[in-house]
Amino acid sequence: MLINYTTVNYKQTQKLGEKFAKEILLSRTSQKTAVVLGLQGNLGEGKTTFLQGFASGLGVKEKILSPTFVILKHFKITKSKFTDFYHIDCYRLKNAKDILELDFKKIISNPKNIIAIEWLEKIKNVLPKNIIKIDFKFIDKNKREIILKT
Ligand code: ADP
Ligand code: MG
């Protein structure tokens, strides 16, 4: 399924992320592996902004930042069937295999995990197939097109 959104400021993008997180928490479908979101788009197109709202929708209290030198950040989720949220940013990853050293296989195999990955094209060879892809397109300074492919 493809859903197209246009946001005209960063708050709308955060809100969209928040709404999407709440939908995932409410969804009845249970899967055998983690829920994996793959965010695609260039620098500054709003991937991290979307994830700030997404994390907040999951009930994460800490602020999501662009992890400049950190590749993986982990947050606890409570009060739902999910227990952990991982924010992975592969921008600075030199070798796709390096992600496996972060226990990646174990993380994606646990159905209690939600994982959001920025710059997933860098690790496409080690990704599962059933990823929810979210594409970000820059329209102008404050306007973004966000396409959800589930
Ligand atoms: P990325 O993670 O894709 O590199 P960021 O989310 O870190 O991008 O940065 C997006 C930047 O664009 C932020 O400074 C944000 O305030 C700004 N911005 C302006 N309009 C929007 C919008 N509609 N949606 C998301 N971000 C926006
Ligand atoms: Mg980012």
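Heads up: numbering here begins at 1 and tracks the sequence. Note that ligands are numbered from 1 as they come in the structure, with each ligand's atoms numbered from 1 the same way. For the numbers below, each heavy atom of this structure counts, side chains included, while hydrogens, waters and symmetry mates do not.
- Below 3.5 Å of separation, one finds an N or O of R144 facing an N or O of ligand 1.
- Counting just the N/O/S atoms of E118, the one with the shortest distance to the Mg ion (ligand 2) is named OE1.
- On a distance-only criterion, L43 and ligand 1 share no N/O pair closer than 3.5 Å.
- In this structure, atom 1 (P) of ligand 1 is in close contact with the protein, since a protein heavy atom lies within 4.0 Å of it.
- The distance from ligand 1 to the heavy atoms of S66 drops below 4.0 Å at these ligand atoms: 7 (O).
- Shown are F50, Y10, W119; of these, the ring pair (Phe, Tyr, Trp, His ring centres under 6.0 Å) with F136 is made only by F50.
- Residues T49 and T13 have side chains that never bring a donor and an acceptor to within less than 3.5 angstrom of each other.
- A salt bridge between K112 and D84 is absent, with no side-chain N of the basic residue lying under 4.0 Å from a carboxylate O of the acidic one.
- In K97, the NZ atom is not crowded: 12 or fewer heavy atoms of neighbouring residues, nucleotides or ligands sit closer than 6.0 Å.
- Scanning the protein heavy atoms around atom 11 (C) of ligand 1, the nearest turns out to be G44 O, 3.8 Å.
- In terms of protein heavy atoms, atom 25 (C) of ligand 1 is closest to T13 OG1, 3.4 Å.
- Across all their heavy atoms, F82 and P111 have their closest contact at CE2-O, 3.5 Å.
- The shell of residues lying under 4.0 angstrom from ligand 1, judged by heavy atoms, excludes Q12.
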Before giving the answer on ring pair (Phe, Tyr, Trp, His ring centres under 6.0 Å), spell out for Y86 and F75 the whole-Å C-alpha distance, their side-chain angles and the decisive distance to 0.1 Å. CA-CA 6 Å; Y86 293 87; F75 306 89; 8.9 Å; no
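- Residue-ligand proximity: N42 is placed with a non-hydrogen atom under 4.0 Å from ligand 1.
- For the residue pair T48 and E118, a side-chain donor N or O sits within less than 3.5 Å of a side-chain acceptor on the partner.
- Distances between N or O atoms of V8 and those of ligand 1 include no value under 3.5 Å.
- Nearest non-hydrogen protein atom to atom 13 (C) of ligand 1 is T49 OG1, 4.1 Å.
- Not a single heavy atom of G41 lies less than 4.0 angstrom from ligand 1.
- Metal site remark for the Mg ion (ligand 2): T48 contributes an N, O or S atom at a distance under 2.8 Å.
- At a 4.0 Å cut-off, at least one heavy atom of K141 sits close enough to ligand 1 to count as contact.
- Listed for the Q31 side chain is a donor-acceptor partner under 3.5 Å among the backbone atoms of A34.
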Between E18 and K15, is the salt bridge (Lys or Arg N to Asp or Glu O under 4.0 Å) condition met? List the steps. CA-CA 5 Å; E18 187 178 337; K15 236 343 309 121; 3.7 Å; yes
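- In terms of protein heavy-atom proximity, atom 8 (O) of ligand 1 is closest to G46 N, 3.2 Å.
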